[in-house]
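Mind looking over this structure? Questions follow.
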Amino acid sequence: MITGILREVAGEKRVAMLPGEAALLKKLGPEVIIEKNAGLNAFSADEEYLKVEVPSFSRQEIFSRSDLIISVNPVPESDIDLCREGQVLCSVVNVAENSEWLGKARSAGLTVLALDIIPRTTRAQAMDILSSMATVSGYKAVLDAANRLPAFFPMFMSAAGTIKPARMLILGAGVAGLQALAIARKLGAVVEVFDVRSAVREEVESLGGRFVEVEGATEDESAGGYAVEQTEEFRVKQRELIQQRAIAADVVIASAQIPGKRAPLLLSGETVSSMKPGSVIIDLAASTGGNCELTENGKTINVNGVEIVGKSDYPSGMPADASKMFGNNIVSLMKILLDKDGNLVLDMEDEIIRGTIAVHAGEYVSDRARQLLNIK
Ligand code: NAD
């Protein structure tokens, strides 16, 4: 079997596999080829791939030679025309937002492995690309905030006086929020964290954060550990408490998300106007609408001295390690997808494999994909 690694388009700096991980994939049996200059933005030239016997080809040749085509982002729709029936595409798809793209792939008879719907079970942890990328986002968000804040993060007691530590509020204690908490604590900030899932209180406290709880949250065990939408009464109480805590904060890292839905609106324009000039809001939920009412996706704006950074693509800004993590996750997934001769075997009885296949042979397969696309 031939596996092709594509060069990303549209400003994306990551590559799905660096030479080290491509070599690990080869050990599992398949031949591996890359598109010319695929790793250049992640600091790996074609010669580095060639050292591990991974040759480079034009984009067209990758499509014509490969059985399995791997990329970070879904290929542009026009590339689907380059594919042949039965070919397998593997990338993050963002299923809920890309129903048309998936429909086209399904009509073309392709198989799509959507990395964003890999079931989040213990066995699938090593393949969990959402977690790897959220780790990068949480880390980078804190460093970005520290750079922008006109004040120190840690407390200083010096001959020039005592400097108070920065106060941070984190909205959403998922993988990104918890990583942000860990890094902010290492830098010496005092951190408060808010989430609707009470189960994360212990994790927040063990990382040195203070958990802010609003009573009466709706939790749904059938949502697989994800948050669900909240009642209006809860949302009002939540907004009041968040307003209080945000006004006291120097930095807000907003990372609250509900899969397949618009991100919850937690910071109103009124709250922002009550925050201290010089404060920073990093809105990691920008691409799904933002947790802050004023966020503009992909832009940094300044409202009465408060900087609002609408950025969901930090992983692309740290392409070397983000690509390394991405590639390792892919290798782990391939360990369950390839047989001993390195051929792809789609075992529909395996809950991870079935859960990751968005479309196959003209059908929507994964229950999660069907749920996100509202298909009965
Ligand atoms: P996410 O990106 O979907 O959401 C981020 C956080 O926002 C979540 O903690 C969520 O509870 C919170 N949130 C949603 N609405 C909110 C609101 N109105 N107010 C405040 N907070 C709100 O989360 P994620 O990082 O993808 O993690 C989601 C779940 O998946 C977690 O339970 C996590 O433990 C679990 N998980 C499991 C695995 C695994 O076992 N393989 C790996 C990673 C994550």
Side-chain angles (χ1 to χ4, degrees), residues 92 94-97 115-139 141 169-182 192-204 206-207 209 211-243 245-246 252-268 271 282-293 312 314-315 325 329 332-333 336 351-352 355-356 368 372:
V92 172
N94 293 324
V95 170
E97 286 118 65
L115 300 170
D116 42 311
I117 53 170
I118 293 180
R120 301 189 93 173
T121 58
T122 308
R123 189 174 147 242
Q125 247 164 11
M127 312 159 199
D128 196 333
I129 274 162
L130 291 185
S131 289
S132 314
M133 298 303 116
T135 300
V136 178
S137 295
Y139 167 81
L169 173 65
I170 295 177
L171 303 173
V175 180
L178 291 173
Q179 182 63 27
L181 165 60
E192 292 188 317
V193 182
F194 172 71
D195 198 296
V196 284
R197 293 181 301 120
S198 53
V200 290
R201 170 191 282 276
E202 217 173 291
E203 280 173 273
V204 166
S206 72
L207 288 166
F211 188 65
V212 179
E213 189 164 9
V214 180
E215 302 214 325
T218 311
E219 302 194 39
D220 180 359
E221 285 189 4
S222 68
Y226 284 112
V228 291
E229 282 183 308
Q230 300 297 316
T231 61
E232 185 50 30
E233 188 195 349
F234 178 86
R235 285 207 288 256
V236 171
K237 275 205 278 182
Q238 180 185 42
R239 266 196 292 272
E240 280 168 12
L241 186 64
I242 288 176
Q243 167 142 6
R245 304 322 309 149
V252 178
I253 306 258
S255 72
Q257 311 245 31
I258 303 170
K261 300 255 159 51
R262 191 211 181 284
L265 264 181
L266 302 174
L267 282 178
S268 63
T271 304
I282 307 274
D283 198 338
L284 292 173
S287 67
T288 49
N291 291 148
C292 173
E293 189 178 32
S312 302
Y314 281 106
M325 292 170 96
N329 290 142
S332 297
L333 175 64
I336 64 163
E351 57 154 5
I352 297 177
T356 305
R368 179 114 188 96
L372 289 167

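Both backbone and side-chain heavy atoms feed into the values below; hydrogens, waters and symmetry mates do not. Order of appearance sets the numbers: ligands from 1, and atoms from 1 within every ligand.
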Quiz item: What do you reckon, does L130 put a non-hydrogen atom under 4.0 Å from ligand 1?
Solution: no

Exercise. Output yes when the distance from some N or O of ligand 1 to some N or O of A176 is under 3.5 Å, and no in every other case.
Key: no

Quiz item: Quick one: does S131 get an N or O within less than 3.5 Å of an N or O on ligand 1?
Solution: no

Quiz prompt | Per-atom contacts, ligand 1 versus A173 - under 4.0 Å to a heavy atom | solution = 9 (O)

Quiz item: Where's the contact between V196 and ligand 1, heavy-atom distance under 4.0 Å: side chain, backbone, both or neither?
Solution: both

Quiz prompt | Whether D283 side chain and N291 backbone form a donor-acceptor pair below 3.5 Å | solution = yes

Quiz item: Should you measure from each heavy atom of F194, which atoms of ligand 1 turn up under 4.0 Å away?
Solution: 19 (N), 20 (C)

Practice problem: Would you indicate which of V175, D195, L178 comes nearest to atom 25 (O) of ligand 1 when only heavy atoms are counted? | Solution: V175

Exercise. Can you figure out which of R235, Q238, Q257, R239 has its heavy atom closest to atom 14 (C) of ligand 1?
Key: Q257

Quiz item: Does D128 use its side chain to pair, donor to acceptor, with the backbone of R120 at less than 3.5 Å?
Solution: no

Exercise. Indicate, as side chain, backbone, both or neither, the part of T121 found under 4.0 angstrom from ligand 1 when only non-hydrogen atoms are considered.
Key: backbone

Practice problem: State which residue, out of I282, L171, T271, fulfils the side chain to side chain contact (heavy atoms under 4.5 Å, CB included) condition with V252. | Solution: L171

Quiz item: Is G177 near ligand 1, meaning one of its heavy atoms is under 4.0 Å from it?
Solution: no

Self-check item: T288 and Q257: CA distance, side-chain angles, deciding distance, side chain to side chain donor-acceptor pair (under 3.5 Å) verdict
Solution: CA-CA 8 Å; T288 49; Q257 311 245 31; 2.7 Å; yes

Practice problem: Identify the two heavy atoms, one from S137 and one from P315, that lie closest to each other, and give their separation to 0.1 Å. | Solution: OG-CD, 3.4 Å

Quiz item: D195 side chain to V200 main-chain N or O, any donor-acceptor pair under 3.5 Å?
Solution: no

Quiz item: For ligand 1, which atoms sit closer than 4.0 Å to a heavy atom of S255?
Solution: 5 (C), 6 (C), 7 (O)

Practice problem: For a side chain to side chain contact (heavy atoms under 4.5 Å, CB included) with V212, tell me which candidate from E192, R201, Q238 qualifies. | Solution: E192

Practice problem: Indicate yes or no for a side-chain donor-acceptor contact from S312 to the backbone of L284 under 3.5 Å, with no hydrogens or angles considered. | Solution: yes

Exercise. Report, in ascending order of atom number, the atoms of ligand 1 lying under 4.0 Å from any heavy atom of P264.
Key: 15 (N), 16 (C), 17 (C), 18 (N)

Exercise. Ignoring hydrogens and angles, tell me if any N or O in the side chain of K237 forms a donor-acceptor pair with the backbone of V214 under 3.5 Å.
Key: no

Quiz item: If you measure from atom 34 (O) of ligand 1 to every heavy atom of R197, M133, R123, Q125, which option wins on shortest distance?
Solution: R197

